[in-house]
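Atoms within each ligand, like the ligands themselves, are counted from 1 in listed order.
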Amino acid sequence: MTTQANLFAALRAAFPADLDAVAVETDDGLLYSWRDLDRASAMLANLFTALELTPGARIAVQVEKSVEALMLYLATLRAGYVFLPLNTAYRGAEIAYFIGNAEPEVVVCSSANAEWVGPIALAAGTRHVFTLDDDRTGTLLELAAQCSDRHTVVHKDEDDLAAILYTSGTTGRSKGAMLTHRNLLSNAEVLKDYWGWTEGDVLIHALPIFHVHGLFVAIHGALLNGSKMIWLNKFDPKRVVARLPEATVFMGVPTLYVRMLAEPGLTKKACKRMRLFIAGSAPLLIETFHAWQQRTGHTILERYGMSETAMLTSNPYSAVQGERRGGTVGFALPGVNLRVRVAEDNGDSREATTGEIGNIEVDGPNVFAGYWRMPEKTKEEFTSDGFFKTGDVGQIDGLGYITIVGRSKDLIISGGYNVYPAEIEGFINELPGVAESAVVGVPHADFGEVGVAVVTTKPGAVIDADAIVAELKARLANFKVPKRCFVVGELPRNAMGKVQKALLREQHKGLFARA
Ligand code: MCA
Ligand code: AMP
């Protein structure tokens, strides 16, 4: 028998001795003890066991954030199945693709969406559709209530899958990044040490729990340290600022920091107990970094990661390791092998020299097992010596600080969510009267970056730019919808006939740059 590698077993082992202590406190005053987390995850795990799911079955979840949704995640790990979280903003076509591709045996959705998610799931062969709402109701909890609250954690090997996270691609459809128990646990353990998690830490959890940042980095961090979480179902800058005096750790995408800076209550006094502010998922502007320092007396620690790899780099926590440098994402984390490679004319590549810009490639126990049912795509994204090509472009200075200077992948990061222009262009090009389109990212004072669409029409067709935006709103997750659309005579092209996106970006860069 191999050693038990189930991530849940490691998290459970870190629960404090006093199981009646508070594990999660919601912002509206509900208290959940460690015993509650243990018992509820056991009941849900027993429900899954009773369903006699196939080993390796996927459990797809598109629900509003709640502590019960957290318990569902823990139960999936505990029962040995594969968790597949889905952004609550996804609409019909997106959900149909994910469910069709992943073929989950269980789908859990909100009762408000069950009307359309249910038929999509059943048509794709899903055996069980349950509901879960953020007011502690739904068929999932009704059934789990009839199950025993004792459950032995299912044995897992290191390389067994724990989760699949869909991440869009530069071309084609989204790919499911397969993350193993080892990927997730190794990263959580490294971060626990690197960020100095300590007894008495309290985390304010204000991020969504369907992506790496909120689901893995934040939750695993707190649980692996037996730390209490102050839990907000939705980010509200006022509420976060109001809870700061009780907390020690906060994690957010840059937009969260920008919005909190607009709160007069954000003062040095409010942050007196705080130990660490962490930012990531998108570039933190240097102005935000400095404004935060000035207002709170704290230096934000910026780190960098991906769905495929969890966390890769971090600015130092302790002064002994070095200072936290704004504009950089710090050093490669312990165990992460990170290199910058420069492509050469003959098709080969070579290691970048100090400060030279190149493609970031990584290897380590945190690097995913490949894309779900896409062996060819997986092969393309790894080098011949086994490094994963991140698609990020960066440089390493003489001290080892890494700076991300751009991306080779055509990606817009808006408020911490990834938007792939190719996907949006595909939707726009299918609209009646559209000849072609180009979606580019432009600076945005709140979201960091947002999409703008530039569209040409078929001969004789008349289309309204606002109508395109309205059409997209009905079909796509709201954060993917371009904030503006322009109908033009033709798209600028270079000598090779390629659309000059840089030129479009330049033309529209001033649209949303100021608050
Ligand atoms: C909301 N809207 C957005 C975004 N969010 N537009 C562009 N980008 C966004 N991110 C728009 C909606 O379309 C809507 O417009 C209007 O804002 C209000 O929507 P609402 O949902 O009420 O917005 P909100 O609650 O204010 O949300 C903003 C937010 C949210 C709190 C910044 O986007 C958020 O939680 N972002 C965090 C994302 C995250 O966790 N990323 C981590 C990925 P309309 O009314 O016109 O429709 S993990 C990752 O990247 C890696 C691995 C890593 O390194 O961490
Ligand atoms: P995702 O596909 O959601 O996992 O997003 C991963 C991408 O987010 C990375 O490849 C980077 O381009 C970007 N990213 C994450 N953290 C940072 C950061 N601190 N600074 C700049 N980009 C980041």
Side-chain angles (χ1 to χ4, degrees), residues 64-65 85 87-89 91 165-170 174-175 177 179 187 191 205-218 232-237 240 251-260 278-286 288-289 300-315 326-330 359-360 362 366 368 381 388-394 402-420 441-442 444 446-452 466 469-470 472-474 476-484 512:
E64 295 300 332
K65 184 177 172 185
N87 193 316
T88 46
R91 317 295 311 145
L165 262 67
Y166 274 86
T167 152
S168 295
T170 27
S174 284
K175 301 161 290 187
L179 294 155
N187 206 240
L191 295 177
H205 194 302
L207 285 163
I209 55 168
F210 34 65
H211 293 302
V212 165
H213 202 159
L215 183 63
F216 300 150
V217 189
L232 279 77
N233 283 353
K234 198 169 162 20
F235 171 71
D236 174 347
V240 174
M251 298 186 194
V253 301
T255 301
L256 270 53
Y257 286 97
V258 169
R259 293 189 181 180
M260 283 160 71
I278 299 169
S281 309
L284 180 77
L285 291 182
I286 195 76
T288 313
F289 177 85
I300 296 175
L301 175 156
E302 184 172 4
R303 72 2 171 235
Y304 152 65
M306 292 183 75
S307 298
E308 287 93 334
T309 63
M311 297 303 99
L312 291 165
T313 76
S314 172
N315 264 281
T328 84
V329 292
N359 297 309
I360 299 178
V362 293
N366 53 312
F368 74 134
E381 303 296 332
F388 174 60
K389 304 176 197 166
T390 63
D392 292 307
V393 173
I402 297 152
T403 304
I404 305 205
V405 298
R407 302 169 202 130
S408 61
K409 52 194 173 191
D410 192 9
L411 162 70
I412 300 167
I413 305 184
S414 190
Y417 287 142
N418 288 5
V419 181
Y420 280 84
V442 298
H444 189 281
D446 182 32
F447 294 123
E449 207 180 6
V450 294
V452 167
D466 292 341
V469 171
L472 293 177
K473 275 195 177 174
L476 282 171
N478 58 8
F479 62 87
K480 293 184 191 170
V481 177
K483 299 286 182 218
R484 277 286 283 283
F512 308 103

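- The aromatic rings of Y417 and F479 sit tilted relative to each other, their planes meeting at an angle between 30° and 60°.
- Using a 4.0 angstrom heavy-atom cutoff, D392 counts as in contact with ligand 2.
- With a 4.0 Å heavy-atom cut-off, ligand 1 is reached by the side chain of R303 but not by its N, CA, C or O.
- The backbone N or O of E302 sits less than 3.5 Å from a side-chain atom of N315, completing a donor-acceptor pair.
- Nearest to atom 32 (C) of ligand 1 among the protein's heavy atoms is T255 CG2, 3.7 Å.
- Residue M251 holds its CE atom at 13.5 Å from CD1 of I300, rounded to the nearest 0.5 Å.
- Among the atoms of G280, none of the N or O lies under 3.5 angstrom from an N or O of ligand 1.
- Of the protein's heavy atoms, at least one falls inside 4.0 Å of atom 47 (O) of ligand 1.
- In this structure, K409 and Y420 have side chains that are in contact, with non-hydrogen atoms separated by less than 4.5 Å.
- Taking every non-hydrogen atom of M306 and a distance limit under 4.0 Å, the qualifying atoms of ligand 2 come out as 4 (O), 6 (C), 9 (C), 10 (O).
- Using a 4.0 Å heavy-atom cutoff, G305 is listed among the residues neighbouring ligand 2.
- Set against the non-hydrogen atoms of E302, the atoms of ligand 2 under 4.0 Å away are 18 (C), 19 (N), 20 (N).
- Compare P237, P254, G416, G252 by their heavy atoms: the one nearest to atom 41 (N) of ligand 1 is in G416.
- Between the side chain of T313 and the backbone N or O of V329 there is at least one donor-acceptor pair closer than 3.5 Å.
- With S414 contributing its side chain and E449 its backbone, the two residues share a donor-acceptor pair below 3.5 Å.
- Just one of S174, P85, S307 meets the side-chain contact (heavy atoms from CB on, under 4.5 Å) condition when paired with Y166; it is S174.
- Shown in contact with R303 at under 4.0 Å from a heavy atom are these atoms of ligand 2, numbered in order with element: 16 (N), 18 (C), 19 (N).
- Atom 29 (C) of ligand 1 has its closest protein heavy atom at R259 NH1, 4.4 Å.
- The presence of a protein heavy atom under 4.0 Å from atom 16 (C) of ligand 1 is ruled out.
- Contact annotation: the side chain of R259 approaches that of D446 to within less than 4.5 Å [non-hydrogen atoms, C-beta and beyond].
- Residue nearest to atom 4 (C) of ligand 1, selected from F447, Y304, F210: F447 (by heavy-atom distance).
- With respect to atom 21 (C) of ligand 2, the closest heavy atom belonging to the protein is P283 N, 3.5 Å.
- Ligand 2 lies out of reach of E308, whose nearest heavy atom is not under 4.0 Å from it.
- Within ligand 2, counting atoms from 1 as listed, the ones closer than 4.0 Å to a heavy atom of S307 are 1 (P), 2 (O), 3 (O), 4 (O).
- Here the heavy atom of the protein found nearest to atom 16 (N) of ligand 2 is S281 N, 3.1 Å.
- Within the 4.0 Å heavy-atom criterion, the part of I413 lying near ligand 2 is the side chain and not the backbone.
- In this structure, G327 and I286 approach most closely via the heavy-atom pair N-CD1, 3.9 Å.
- Comparing A89, S414, P208 against atom 7 (C) of ligand 1, the shortest heavy-atom distance belongs to S414.
- For atom 36 (N) of ligand 1, the nearest protein heavy atom (residue, atom name, distance) is G415 O, 3.0 Å.
- Comparing G416, A177, A282 by heavy-atom distance to atom 18 (C) of ligand 2, the nearest is A282.
- Ranking the protein heavy atoms by distance from atom 33 (O) of ligand 1 puts Y417 CE1, 3.4 Å first.
- Considering only non-hydrogen protein atoms, atom 6 (N) of ligand 1 sits nearest to K483 NZ, 2.7 Å.
- Close approach of ligand 2 to T167 (heavy-atom distance below 4.0 Å) involves ligand atoms 2 (O).
- Only the side chain of K409 comes within 4.0 Å of ligand 2, judged by heavy-atom distances.
- For atom 3 (O) of ligand 2, the closest heavy atom belonging to the protein is N418 ND2, 3.1 Å.
- Both the backbone and the side chain of N478 come within 4.0 Å of ligand 1, judged by heavy-atom distances.
- Remark: H444 engages F447, F512 in a ring-ring contact (aromatic ring centres under 6.0 Å, His included) (not counting sequence neighbours).
- Closest to atom 42 (C) of ligand 1 by heavy atom, among S281, A282, A206, is S281.
- For K473, a nitrogen or oxygen atom sits less than 3.5 Å from a nitrogen or oxygen atom of ligand 1, counting backbone and side chain alike.
- Nearest protein neighbour of atom 22 (O) of ligand 1, counting heavy atoms only, is K234 NZ, 3.3 Å.
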